[in-house]
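Shown next, in structure tokens, is the structure this report addresses.
Because the structure is a prediction, the values reported are computed rather than measured. Lettering of chains follows the sequences in order, A, B, ..., and the numbering in each one begins at 1.
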Amino acid sequence: MKDDTAPQATPQETRLTGQAHQDTAHDSAVKHVTGQAGYTDDLTEPMGTIHAYLGLSQCAHGRIRSMDFTDTLAHPGVLGVLSAADLAGVNDVSPAGHGDDPILADGLVRFWGQPVFAVIATTRDQARRAAHQARIDYDPLPHVLDPIAARDAAARKGDRSDAAARDEDRGDAAAGKGAAQTGAAQTGAAQTGAAQTGAAQTEAAQTGGAQDDDKGYVTPPLTLRRGDAPAAMARAPHRITGRFTIGGQDHFYLEGQIALAIPGEDDEMVLHVSTQHPSEVQHMVAHVLGAPAHAVVVNVRRMGGGFGGKETQMNLFACIAAVAARRWNRAVKIRPDRDDDMTATGKRHDFVVDYAVGFDDQGRILAVEGDWYARCGFSADLSGPVTDRALFHADNAYFYPDVRLSSHPMRTNTVSNTAFRGFGGPQGVIVAERMIADIAHALDLDPLEVRKRNLYQNGQLTPYHQPVTDQILPRIFAELEVSSDYPARRRAVLDWNARMNACGGVIRKGIALVPVKFGISFTATHFNQAGALIHVYADGSIQLNHGGTEMGQGLNTKVAQIVAEAFQCDLSRIKITRTTTEKVPNTSATAASSGTDLNGMAALDAADQIKARLVDFVAGRWQVAPDRVAFLPGHIRAGDHLIPFDQVIKAAYMARIHLSAAGFYKTPEIHWDRATGQGRPFYYYAYGAAVAEVSVDTLTGEYVTERVDILHDAGRSLNPVIDKGQVEGAFVQGAGWLTTEELWWDAKGRLRTHAPSTYKVPLASDRPRIFNVALTDWSEAAARTIKRSKAVGEPPFMLGISVFEAITMAIASTGNPKTPVHLDTPATPERVLMAVEERR
Amino acid sequence: MTQLQFLLNDRPVGLSDVGASDTLLDHLRLVRRLTGTKEGCAEGDCGACTVLSGRLTPDGLVYEPVNACIRLLAACHATHIVTIEHLRGPQDGAQDGAGDGSGGGPAETGDAQMPALGVGGRAVGLHPVQQAMVDHHASQCGFCTPGIVMALYGLWMADPDADARAIEVALQGNICRCTGYEPIIRAALAAGAAGGQAQDALTLERGSVTRALAAMRHGGRVTLSRGAVGAGPGAAPGASQSGDPGAGRGMGRNGGDDAGRNADRNADRNTDPGTLRADPLGAGTPDAGPPHAGPLHAGTDRAIIPCDTDDLAQALLAEPQATLVAGATDVGLWVTKFMRDISPAIFIGHLMKEIAVTDDMLELGAGVTYSEAAPLIARHIPEAHDYWLRIGGWQVRNMGTIGANIANGSPIGDTPPLLIALGARIVLRRGDVRRTLALEDFFLDYGRQDRAPGEFVERILVPLRPTARSGARAGTDSGADAAPGPRTLIAAYKITKRRDSDITAVAAGFCLQVHGGIITEARLAFGGMAATPKRAAGAEAALRGQPFTQASFEAAARAVDGDFQPLSDMRASAAYRATVARNLFRRFWLEQGAGADPDRPVRLNHAVPQALRQAVAAEAPPFPGAEAPPSLKAGE
């Protein structure tokens, strides 16, 4: 072996590619641009694959009187129909264990578009056509579509003590198949023992389910309280109250929901799906099949976008495919058409917020009270943690000395809303920014000045009693003000508007600098864990697997960079395989911006285990102290010996060294007590700020985003160019949420914006005319995060609020500047024009 | 002829078992397993399914991005369909052209190989557009990416000098939900700077493709059907047993000389199998593909592709109940969304392409697409050019035709308000009988047009008055009210939730004659305000004969309230529509009237500063292959 150790290239001359903190292309970039990247629908189907298609309800709320599948079954190629009665196991996919999420409606439908049955046929086209030939009759029940209507309806019921109406409304829809109905006393948690998965039972275990439902809640509400907000409000020199309606948002992932289930021997079932949460799909499929989790394997190579829309919403599709695959003993694929996908799957929660803010003459906030009414839809899904997070971020970056914030997760006869990038946070942040704008109007101040006067100082407590200790916004503000030339441009905007006022000009301008502070961690503490698996093969190549899923965010690339650096090898040595529950069990959803934080740490742990074994081996083989063994580029140094990595691995294999390791990580220090509303739910905060300038046509309400400057904090970025891509994309998506993306239901409860022809996500021409994005290259996470980087998926989404605030300023210029602007979101040209007209 | 023929990437395809409602996308994905082309929405709005469609025009072979999801397969007859799998770098093309006999030709359809990452992370075999997308980190989830690459490929071919604004227009029909578009725009600018068009595969194949497509057109009327024998899993595969070998022969051998006259002479060199496989199956038989795995339905599903307009007239007389399919930008949704049976369908997208311009008239065949008309609009009705480029996305403009936009009868069709305001007339034809009527008279009521069974829209006649018309800001130079001669003032407005690729909330076409300070004639037509595209009679009356002053337009704004009772729907409320309709009169006055003032803009400015382009060009070296002359040049 001595000969092998002769240095062939000095490590100093070896420049490694794809190390942590280096700009590195997405690992699938070449496959993306050549069309070779495989998505679930592109997989070669097993011979004899058949197809399922969902039949959706055409009634917002009603009892199913009859279902006639005569024509459906007679359609060519149809093999059969599945309805609730055919689900042998549990008819529930509630991710929170509430037992209120039937896979197929059982007796009662609770929103227009709810899956009622599935047709199985030889081809997808046959199944789809046949599904449209079913005849279902309903006995309609009254429906409520928006959160205030739900609150008022619940109040009326309360007034009448109309227990019968309550029972009817809850009744069999909430009950999983086979669960006994015991009336109003049942809580969601109590009735669904069989449906309980390992996930999030704590949410359901909250007390007071029956009382909550009396108030129209779909899940227990939360109140955060510090100090005495009513008293402080009463003492405040100035008070403003308002109601703010905040629209929802469809994910519009380009690849829709899709699942392919392949039955195996015994009770085995293998699935290929587009999900952010393979472990939950595994649990749900196991439950619905009545099989243990070990029988179910869930695979995810990549998703064509997720954004939260595939955190829980895939469960239903996967279960249908699996049930059909078991029943017909053939591979089953299910893929809804885009319209059905948008109709039948949940979206970002829309909110109506009643707020009050008390402040002094300098614009310093003294007291805040707020009530967040959410359109949760017919079931809980993730509405508990989503509405919680709206409250967690209702302060955005500002200290509220006395505060009371309450959530009201309202049950409505609409699709059950779910996770979406920011997870309720944006709906909290934008209210804080609305209050800042109101204060600035009232005092005729630059809103930026009001923002600065209210920024957290380290040591101050959030409404959930976590101290802020890593505040960097003052520096971000200072740098961004200079780089964006904010002061001069604001003056120019004011001058422009004054001139247009004088001459009757119709184009008005607005500019706004808006910060974000976003808490990183799952607020359900137990989700903050991750696993990884690394194999080093005898030829020196490395296979990496972790529990996260790739949906475009570059997670696989970043985790591989961490491992490449750990082993001091080129990125090309590492292959990341598809995410599979066979390799890493009990994973958390790739969500809450946590993918790299958690899985990167787990992968590093696995790498460190193998490295430790290699160090021991090398120290013994070359007779040096372990502290004289080091990993250098492409090599391992043992004292004076320099051995190529491949040769070390080969030797280690021959010496029977274990070259595989499972890594694990759990976020330290975090805790959260929902009952008291206190704790440290977040490991750290990510920060950023954006300056947006817009022009608004006051004759039509149309607008254009002229320029945006962003300075965002990704800590010590693991891959600046990928993180910058997250910032750009999140910003445009956030701006889309607040401008052209409008969900519109008709009086019957039909969502009428259910396809890109009617639901308008931003196009290339909607991006800012000038778009300058930079990361804070000086920032470093104060917490011990993976290589001191910070999560970046969600926080920049909220920077899109700067566009909304700039539009608000432009509108304000058309009337008395001291009159607050009444602009709800999304600020479609229609809402903008109507807000202008209101001021004329 | 009973066979559908087209080129798919590098091979001819002949299909006999084709129904009217079969889509190109299903054929690509399900039958051919060309899965690089994605389904995102199945309604032509997201662009994930974008492919290039090459067709012969009087100006030669033209490639345009289209939506495969709503491009019906029968509409592909005699076209060249190019999917993402066919893209490759100029270096590959040059090597193939050199024909070194080493057998290193391009990958075959359906089994294209992954370009390998070469030195410095530059992938060997990537097209300049693909390479730029990689270099600029312009893909994240990657699902929209093949469609975006194909749209940008189409732009790169058509407009090597495209700036950021032109790129945005080209991408109106493509949604990316991940990147926020900035890196995609940069990539497109970089691809433009890299160049390489002369060495591009489609350039090199031009001659052989042209001849092949011309040959496919020589077969007369094509009649297709499927399902007659019996539909279902056991049905006979769609393979054509005999077929018309014309396509196979046409591939680079005996194509029509006329159609090929504009083709690149150099392309003759590339008719060897290394570039374009004339006989992939070795017997001159077009590739019918594997047994049909696509949609199967009961009953007979028929498609008719007339060979010319006279043939169409006869076919429609024989089958007056037939669905006429032009660009299928709406009919495609009948198929993909409503699962309607459109059989029998007559495909007319390749017909009625004639364009004639005289001093006072623009005559457009009904089959002229929005894209084909765009340069004419820019030249003859420049006031409407911006409006025109907001009709659908680029793919939709490449597919949709003006005649079908009219014949469809939608109250929110984009062309009727403008055309009615201009005083357009249409020619309707039934058999050999033609009649002409004012466009506004064609629209009778919601969903009802003045079109008899067997009749079709053949031509659109748009009056032009180039000598009398002033520019967009007429009157400001010499004082509007004192202008010497009669002037024609035109405006076209479209108000939508999102600027591009959105369906109209309110559309308006204004055409006014002003003479001696008096409004002598006013034609004002609105879309989205009533059950049909409709003139605003009250507002017209309020302007006609009145002085060209602000007060007159304020009066018209008040009067238009009485002309319409708009509806509320998901696009806009009645109140918004009414308010906007009023305000458009104010906008018109501010743009065209005496008060027009360059320091007081009336419309938003969507320009992108050129600095972006310069920055990208500065940091992006030309694509290596683009600098070297193609090896073909040596033999010239």
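No other option in Asp599(B), Asp569(B), Leu584(B), Thr83(B) has as many heavy-atom pairs under 4.5 Å with chain A as Asp569(B). By number of non-hydrogen pairs under 4.5 angstrom with chain B, the leading residue of Asp23(A), Val732(A), Thr700(A) is Thr700(A). Counting heavy-atom pairs closer than 4.5 Å to chain B, the top residue among Thr828(A), Val761(A), Val704(A) is Val761(A). Among the candidates Arg752(A), Arg124(A), Arg128(A), the residue making the largest number of heavy-atom pairs closer than 4.5 Å to chain B is Arg128(A). By number of non-hydrogen pairs under 4.5 angstrom with chain A, the leading residue of Arg165(B), Arg577(B), Glu168(B) is Glu168(B).
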Could you walk me through whether Lys38(B) and Glu255(A) satisfy the salt bridge (charged side-chain N to carboxylate O under 4.0 Å, His left out) test, starting with their C-alpha distance in whole Å, then the side-chain angles of each, then the deciding distance to 0.1 Å, before giving a yes or no? CA-CA 8 Å; Lys38(B) 310 300 182 190; Glu255(A) 176 210 33; over 6 Å; no
Run the numbers on Arg29(B) and Glu45(A) for salt bridge (charged side-chain N to carboxylate O under 4.0 Å, His left out), then give the verdict. CA-CA 12 Å; Arg29(B) 288 189 58 85; Glu45(A) 294 164 8; over 6 Å; no
When you look at Ser139(B) and His32(A), which way does the side-chain hydrogen bond (donor to acceptor under 3.5 Å, both in side chains) test go after all the steps? CA-CA 7 Å; Ser139(B) 71; His32(A) 292 157; 2.8 Å; yes
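The closest side-chain heavy-atom distance from Arg603(B) to Leu699(A) is not below 4.5 Å.
Here the straight-line distance linking atom CD of Glu837(A) with atom CG of Asn583(B) works out to 5.5 Å at 0.5 Å rounding. Asp697(A) CG to Arg587(B) CZ: the interatomic distance, rounded to the nearest 0.5 Å, is 5.0 Å. Glu742(A) contributes atom CD, which lies 4.0 Å from atom NZ of Lys497(B) (distance to the nearest 0.5 angstrom).
Under the side-chain hydrogen bond (donor to acceptor under 3.5 Å, both in side chains) test applied with Gln140(B), the options Glu550(A), Gln726(A), His26(A), Gln553(A) reduce to a single match, Gln726(A).
At least one donor-acceptor pair under 3.5 Å links the side chain of Arg338(A) to the backbone N or O of Gly40(B).
Both the backbone and the side chain of Ser765(A) have a heavy atom closer than 4.5 Å to some heavy atom of chain B.
For the residue pair Glu830(A)/Ser573(B), the side-chain donor-acceptor check at 3.5 Å is satisfied.
Taking both residues in full, the closest heavy atoms of Ala42(B) and Asp337(A) are given as CB-OD1, 3.9 Å, listed atom of the first, atom of the second, then distance.
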